[in-house]
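Report on the following structure.
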Amino acid sequence: MSLLEIEHLRVAYGKVVALRDVDLVLEEGAITVVVGVNGAGKSSLMNAVSGLVRVSAGSVRLRGHAITNRPSHRIARAGVVQVPEGRRIFAPLTVEDNLLLGGHTVHDRRRRQEILATVYESFPVLAERRDSTAGLLSGGQQQMLAFGRALMTDPSILLLDEPSMGLAPVMVDVIVEAIRGIAARGMSILLVEQNAAAAFSVASQAYVLENGEVVLSGPASTVAEDPRVLRAFLGIEAGVS
């Protein structure tokens, strides 16, 4: 049984169909990436999984149990936690206060402190700046804080929505390494990205969305070599090195 299974998913906003008949599987401990241009339906997919938009047809199952159209807070408590596009940290609060807010649903104090220590080990810059106002962090550091806040909920799955957006290339590399490190600790990750080169470098499975439909899927290394992907997302013509 796969950790997360999406079947025949349809999402519509009035008469506008954002997703149609989408199938996707996330295996335990894997990084699965969804790429597509703006408007392809990537964020609608993430929001459908996390309960932020209503699914009009199809199903989302976590470990075989339906979570389709459950309230978002119940989906989060079930272990599916989204890091939204734009980070949305609490800028006036300190780094540590942001993290502790993320962990408020973990009632075991010892477990909460264990997770906090792991977050600081994964992101040493957050430990160094734990007493700093979060709004004073750089964009890349704020993204790390958003990751850390999500990890504080002790999730089974992280949904990462465009984590490289707005970051300098050097920070994109840092964020990719952070994602790789999180996965190395056994976390399952569903990653939505427009930066296909960064996404393919870290993922094991890949899906390409176009106009709300999956037009290509398979191992990330194979999808990355498809001529349509090379041309549309990597700016490379097939056969040209």
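Quantities reported herein were computed from a predicted structural model and do not represent experimental measurements.
I179 and L3 are assigned to two separate hydrophobic clusters, defined by single-linkage of ILVMFWY side chains at heavy-atom distances under 4.5 Å. F90 and L126 fall into different hydrophobic clusters, where Ile, Leu, Val, Met, Phe, Trp and Tyr side chains are chained together by heavy-atom contacts under 4.5 Å. In the hydrophobic clustering of this structure, Y120 groups with F147; members are Ile, Leu, Val, Met, Phe, Trp, Tyr whose side-chain heavy atoms approach within less than 4.5 Å, directly or through other members. V192 and L167 fall into different hydrophobic clusters, where Ile, Leu, Val, Met, Phe, Trp and Tyr are joined by side-chain heavy atoms under 4.5 Å apart, directly or via other members. A continuous path of ILVMFWY side-chain contacts below 4.5 Å connects V55 to Y13, so both sit in one hydrophobic cluster.
With Q142 contributing its side chain and L137 its backbone, the two residues share a donor-acceptor pair below 3.5 Å. Panel note: side chain R185, backbone I182; no donor-acceptor pair is recorded below 3.5 Å. The main-chain N or O of N211 is found under 3.5 Å from a side-chain atom of R20 such that the two form a donor-acceptor pair. Between the side chain of Y207 and the main chain of D23, no donor-acceptor pair closer than 3.5 Å is present. Under a 3.5 Å cut-off, the side chain of Q205 and the backbone N or O of L26 do not form any donor-acceptor pair. Side-chain N or O atoms of R149 include none that pairs as donor or acceptor with a backbone N or O of N98 at under 3.5 Å. Formation of a donor-acceptor pair under 3.5 Å by the S56 side chain with backbone atoms of R10 is found in this model. Judged purely by atom type and a 3.5 angstrom limit, S204 uses its side chain to pair as donor or acceptor with the backbone of I31. Between the side chain of N47 and the backbone N or O of L52 there is no donor-acceptor pair closer than 3.5 Å. At least one donor-acceptor pair under 3.5 Å links the side chain of K42 to the backbone N or O of V37.
With a 6.0 Å radius and a threshold of 12 heavy atoms from other residues, nucleotides or ligands, H73 has its NE2 atom above the threshold. Counting heavy-atom neighbours within 6.0 Å of R77 CZ, excluding the residue itself, gives a total of 12 or less. Around atom CZ of R180, more than 12 heavy atoms belonging to other residues, nucleotides or ligands sit under 6.0 Å away.
In this structure, the side chains of T32 and E27 stay at 4.5 Å or more apart for every pair of heavy atoms. Residues T118 and L151 form no side-chain contact, since every pair of their non-hydrogen atoms from C-beta on lies 4.5 Å or further apart.
Of all heavy-atom pairs spanning D131 and T94, the tightest one is O-CG2, 3.7 Å. Here the shortest heavy-atom pairing between V33 and A199 reads CG2-CB, 3.2 Å. A pairwise comparison of heavy atoms in A220 and A203 identifies CB-O, 3.3 Å as the closest pair. Scanning all heavy atoms of the two residues, the minimum distance from A150 to V81 falls at CB-CG1, 3.9 Å. When all heavy atoms are compared, the tightest approach of M171 to G140 is CE-CA, 3.4 Å. Taking all atoms of both residues into account, the shortest heavy-atom contact from S156 to A78 is OG-O, 4.5 Å.
For the atom pair CG of D21 and CD of E7, the computed distance is 10.0 Å after rounding to the nearest 0.5 Å. Note that CG of L209 is 11.0 Å distant from CG of L216, once rounded to the nearest 0.5 Å. Here the OG1-CZ distance, from T105 to R112, works out to 9.5 Å after rounding to the nearest 0.5 Å. Note that OG of S138 and CZ of R129 are 7.5 Å apart. Values are rounded to the nearest 0.5 Å. Once rounded to the nearest 0.5 Å, the distance linking CD of Q141 with CG of L136 reads 10.0 Å. Expressed to the nearest 0.5 Å, how far CZ of R111 lies from CE of M152 amounts to 9.5 Å.
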(message) L9 vs L24, test: side-chain contact (heavy atoms from CB on, under 4.5 Å). Steps then yes/no.
(response) CA-CA 9 Å; L9 197 70; L24 183 146; over 6 Å; no
(message) Is there a side-chain contact (heavy atoms from CB on, under 4.5 Å) between V176 and N195? Walk through the geometry before answering.
(response) CA-CA 11 Å; V176 167; N195 186 332; over 6 Å; no
(request) Begin with the C-alpha distance, continue with both residues' side-chain angles, and end with the deciding distance and a verdict on side-chain contact (heavy atoms from CB on, under 4.5 Å) for F123 and V95. (result) CA-CA 12 Å; F123 305 107; V95 166; over 6 Å; no
(request) I would like to know whether I175 and S164 meet side-chain contact (heavy atoms from CB on, under 4.5 Å); could you show each step before the answer? (result) CA-CA 7 Å; I175 293 303; S164 74; 5.5 Å; no
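Salt bridge annotation for E210-R228: absent, with no cationic side-chain nitrogen under 4.0 angstrom from a carboxylate oxygen.
Each of L159, L62, T68 was evaluated against V49; a single residue qualifies, L159, per the side chain to side chain contact (heavy atoms under 4.5 Å, CB included) test.
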